[in-house]
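Remarks on the structure that follows.
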Amino acid sequence: MKVTAVAPSNIALIKYWGRRDDKLVLPYNGSISVTLDKLLTKTTVEFSRDYKKDEIVINGERVTGEKLKRALNFINFIRRISGEESPVRVVSENNFPTAAGLASSASGFSALALACSNALDLNLSDREVSILARMSGSGSAARSLFGGFVEWHRGKRSDGSDSYAEQIANETHWKDFRILVSILTTLEKKISSADGMRYTVKTSPFYTGWLKTIKNDLRIVKSSIRKRDFTNLGKTSEHNCLKMHALMISTVPSLIYWMPSTLEVMHKVMELRRDGLECYFTIDAGPNVKVLCLKEDVKKIKKRLKELKSIKELVEARPGRGAYLSKKHLF
Ligand code: PMV
């Protein structure tokens, strides 16, 4: 009954922002991400009558309040599917800062979905685990199950059975692809993605305009991945990120996830491009900036980025493998 899963975080190249169904976590648009080899969550779960009550420990701290509620909502949902009634113990560790736009919820809920579905012998296919992870509330968790480059399909059905993630190309397809994760702050964001996107869909005057551009962005990025066309992938991803942040900024009340240092990194990336070092930025619902580049330029780009005092840490990641089970339990 004790199962451990390891799941990576992922960075969206084409972003998901907005749900057509809040309960089933069905997106208004499809998205594409790259799975990272560096930022991982490891989670051990055990359902047992020996426990008196449910307990969740993340990075050594017992979880309480909203976070506990969110995780237990998901665990109770899995309980209803499986018929399991005994209390659960969950111990989880991230090797990176939680909730600062580094997709900790994606890796966290992906690991939880994979561990719980195996602990309860649900016998799910990869696609079904990705649907389960999607229903955790962190939709992007659906993408972390797979390695390399991944698409989460919008789907059409109202029951969500066709809204799952699928691999476009595995982690060995583009060996020179690099993602530099610049950590500017480790503070947790004040407004969750789920709340933020709900406000955006309701209030941003640009939301329908955003949706009109998605099909084209998905098509370009998918074919750029297949052809290893870095220029088209980078340009389209960076522009897609800016379009998402335009939605956020135009939300009422506005969602400005950027800090002055976020803009500093963005300008640095543009400066590097002018100097002939090809790189592009992408930013999620947080201040930290991820810089996309190729192996041949990575040394020079890292050196130039490190000139910025506001970058506390720079993690060099590559496309990584998807979530997997491990025998090394955390308790
Ligand atoms: O899946 P959530 O609720 O963690 O939201 C993810 C939202 C973005 O990171 C901004 C975009 C994305 O597609 O990952």
Side-chain angles (χ1 to χ4, degrees), residues 7-36 39 41 66-67 70-71 73-74 94 96-113 130-146 149-154 160 163-165 168 179 181 188-201 204 207 210-211 214 217-218 221 236-249 251 255-258 262 281-290 292:
S9 67
N10 69 80
I11 302 295
L13 301 171
I14 301 302
K15 311 288 187 187
Y16 141 63
W17 196 253
R19 299 174 178 175
R20 63 183 203 274
D21 186 316
D22 241 339
K23 247 198 162 151
L24 294 176
V25 193
L26 298 179
Y28 269 112
N29 65 275
S31 53
I32 293 179
S33 57
V34 54
T35 299
L36 305 186
L39 312 178
T41 299
E66 270 307 301
K67 261 195 190 166
R70 197 176 162 199
N73 268 343
F74 182 49
N94 288 333
F96 61 95
T98 305
L102 288 179
S104 61
S105 59
S107 57
F109 280 106
S110 169
L112 189 60
S130 110
I131 289 179
L132 184 67
R134 186 200 80 215
M135 310 258 284
S136 67
S138 173
S140 57
R143 299 187 307 236
S144 278
L145 267 317
F146 303 95
F149 296 86
V150 180
E151 178 170 16
W152 169 18
H153 300 287
R154 176 199 193 273
S163 183
Y164 51 82
I168 298 171
I179 310 99
V181 182
E188 296 201 15
K189 61 184 171 238
K190 291 191 187 74
I191 299 171
S192 69
S193 306
D195 285 343
M197 54 182 88
R198 202 171 305 126
Y199 303 148
T200 298
V201 172
S204 171
Y207 199 69
W210 151 263
L211 289 179
I214 295 292
D217 287 0
L218 288 171
V221 166
T236 312
S237 304
E238 187 176 288
H239 189 232
N240 183 271
C241 153
L242 288 170
K243 284 186 287 190
M244 178 183 73
H245 283 273
L247 294 179
M248 293 164 159
I249 292 166
T251 293
L255 300 164
I256 303 179
Y257 289 110
W258 297 349
T262 309
F281 59 76
T282 188
I283 308 154
D284 289 318
N288 298 315
V289 183
K290 296 93 190 181
L292 310 174

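As the structure lists them, so they are numbered: ligands from 1, and atoms in each ligand from 1.
With hydrogens and angles left out, the side-chain atoms of Ser9 and Ser107 include no donor and acceptor closer than 3.5 Å.
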Candidate pair Thr282 and Lys15, rule side-chain hydrogen bond (donor to acceptor under 3.5 Å, both in side chains), full reasoning: CA-CA 10 Å; Thr282 188; Lys15 311 288 187 187; 2.7 Å; yes
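The residue from Ile179, Val150, Ile11 that alone fulfils the side chain to side chain contact (heavy atoms under 4.5 Å, CB included) condition with Thr35 is Val150.
Ring pair Tyr164/Trp152: centre-to-centre distance not below 6.0 Å. Taking the six-membered ring for Trp and the full ring otherwise, the centers of Tyr16 and Tyr28 sit at least 6.0 Å from each other.
Legend: residues meeting salt bridge (charged side-chain N to carboxylate O under 4.0 Å, His left out) with Arg19, ordered by chain and number and at least two apart, are Asp22.
When heavy-atom distances to ligand 1 are checked against 4.0 Å, the residues falling inside are Ala12, Lys15, Tyr16, Trp17, Ser105, Gly137, Ser138, Gly139, Ser140, Arg143, Ser193, Met197, Met244, Asp284, Ala285, ordered by chain and number.
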